[in-house]
Amino acid sequence: MPASVDGPIGLFDSGVGGLTVARALADRLPGERLLYFGDTAHLPYGDKSPEAIRGYSLAIAQHLVDLGAKAIVVACNSASSVAYDALVAAMDVPVFNVIDPVVAEVARLGVDSVGIWGTKATVKSGVFPAKLAVSAPHARVQAWATPLLVPVIEENILDGPILEAVVDGYAGPTEAAHVDALVLACTHYPIVAKQIGARMGPDVALLSTPQIVAEHVARQLGELKLLRSTAAPSMPHQFVVSDYTPAFEAIAQQFFGEAISLREDHLWA
Ligand code: DGL
């Protein structure tokens, strides 16, 4: 069945991280309804095997399509790193990852040296260095796994000494490597971009991945004639989790206001 233009844009992540992309997309496309799935039952993805992440991703994307999604945004770098090709092959709707638009932006900026902060799954996949070797062959690329940021953010610890200690511990090696730009290659990290930016200092440009991805998705959906022409969505955005947590609800409310519509769907009951 062809996807309806009136259907929502589906997004998924392991937890709250993809809300950064969802927020940027809602700002860029105010007429669109979003259908967001946070796979809180399997969080964090960054520690899982590629096979496990692929399995979760395929099940969630199919669920979103069954619920009417007209496109899927893989709002997770870990899943984009290891599951994107499988998703494109399996889904009947357009699928977008959060890596290609960011790689294109790094190439466009022409930086000499770029650092990547991501989960263990993303860094282990080698996808950023591989893609940047093609798109920005002159840039020196160094990637660091910075997984502890994810549970800290999921705990809704968005400032204070615990976050500062984690950021500080990861900033040291990056500082020593003298990068010009730092890609926050995990969709959770932009939630604490201010703290990371303050620690790295003004000489390191932080790439705002949610905005870059939202711009790319908006343009592509426009070209595919999959955008609604209205100024506001017909129904509120829908948030779904695989395991309810108060922290998810609290952070989603911070991003989208008090009255979010949240429910639990048990894909793995
Ligand atoms: N937000 C995700 C990412 O972009 C996943 C983090 C995790 O669950 O480990 O990689």
Side-chain angles (χ1 to χ4, degrees), residues 10-25 36-61 72-84 86-87 95-103 115-129 131 143-158 163 166-167 170 182-193 196 206-214 216-217 239-243 245 247-248 251-252 254-255 267-268:
L11 303 101
F12 75 89
D13 179 43
S14 58
V16 297
L19 292 170
T20 59
V21 179
R23 184 65 260 173
L25 204 54
Y36 184 94
F37 193 100
D39 191 10
T40 41
H42 295 124
L43 180 95
Y45 275 10
D47 291 349
K48 306 287 187 300
S49 66
E51 293 73 27
I53 298 171
R54 261 196 298 278
Y56 303 148
S57 300
L58 285 164
I60 294 166
I72 301 289
V73 180
V74 186
C76 170
N77 282 265
S78 307
S80 293
S81 295
V82 301
Y84 179 65
L87 287 165
V95 183
F96 301 97
N97 67 62
V98 288
I99 294 174
D100 289 327
V102 176
V103 165
I116 313 288
W117 280 15
T119 65
K120 284 186 269 185
T122 297
V123 171
K124 217 164 143 194
S125 77
V127 67
F128 271 95
K131 285 181 185 272
W144 292 273
T146 52
L148 288 178
L149 287 166
V150 173
V152 172
I153 292 165
E154 287 284 339
E155 275 299 318
N156 209 0
I157 298 175
L158 306 184
L163 177 65
V166 173
V167 170
Y170 288 143
L182 181 61
V183 177
L184 302 184
C186 168
T187 52
H188 280 72
Y189 303 170
I191 298 176
V192 295
I196 297 172
L206 288 197
L207 265 75
S208 177
T209 51
Q211 281 73 25
I212 295 166
V213 171
H216 173 78
V217 171
F239 299 86
V240 185
V241 287
S242 48
D243 191 25
T245 66
F248 182 96
I251 298 176
Q254 285 165 32
F255 271 86
L267 301 194
W268 295 273

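Note that ligands are numbered from 1 as they come in the structure, with each ligand's atoms numbered from 1 the same way. If you read the sequence from its start, that first residue is 1, and numbering goes on from there.
Here the options are Ile191, Asn156, Val16, the test is side chain to side chain contact (heavy atoms under 4.5 Å, CB included), and the partner is Gln254; only Asn156 passes.
Contact annotation for Ser14 and ligand 1: only side-chain heavy atoms (C-beta onward) come within less than 4.0 Å of the ligand.
With 3.5 Å as the limit, one finds a donor-acceptor pair spanning the side chains of Ser78 and Thr119. A donor-acceptor pair shorter than 3.5 Å can be found between the side chains of Asp39 and Ser242.
When atom types are taken as modelled, the side chain of Ser125 and the backbone of Val82 share no donor-acceptor pair closer than 3.5 angstrom.
His42 and Tyr56 have parallel rings, their planes meeting at less than 30° on a 0 to 90° scale where 60° marks the start of perpendicular.
Residue-to-ligand polar distances keep Thr122 apart from ligand 1: every N/O pair is separated by 3.5 Å or more.
For the pair Glu154 and Ile251, the tightest heavy-atom approach, listed with the atom from each and the gap, is O-CD1, 4.4 Å. Considering all non-hydrogen atoms of both residues, Lys120 and Gly46 come closest at CB-O, 3.5 Å.
The distance from ligand 1 to the heavy atoms of Thr119 drops below 4.0 Å at these ligand atoms: 6 (C), 9 (O), 10 (O). Of all the atoms in ligand 1, the ones that sit under 4.0 Å from a non-hydrogen atom of Asp13 are 1 (N), 2 (C), 5 (C). Close contacts of ligand 1 with Gly46, meaning ligand atoms under 4.0 Å from a residue heavy atom, involve 7 (C), 8 (O), 9 (O). Short contacts between ligand 1 and Asn77, defined as distances under 4.0 Å to a heavy atom of the residue, involve ligand atoms 3 (C), 4 (O), 10 (O). The ligand atoms of ligand 1 that sit less than 4.0 angstrom from a heavy atom of Val150 are 6 (C), 7 (C).
The shortest contact between atom 7 (C) of ligand 1 and any protein heavy atom is with Tyr45 N, 3.3 Å. Nearest protein heavy-atom neighbour of atom 10 (O) of ligand 1: Ser78 OG, 2.7 Å. Remark: minimum distance from atom 1 (N) of ligand 1 to any protein heavy atom is reached at His188 ND1, 2.7 Å.
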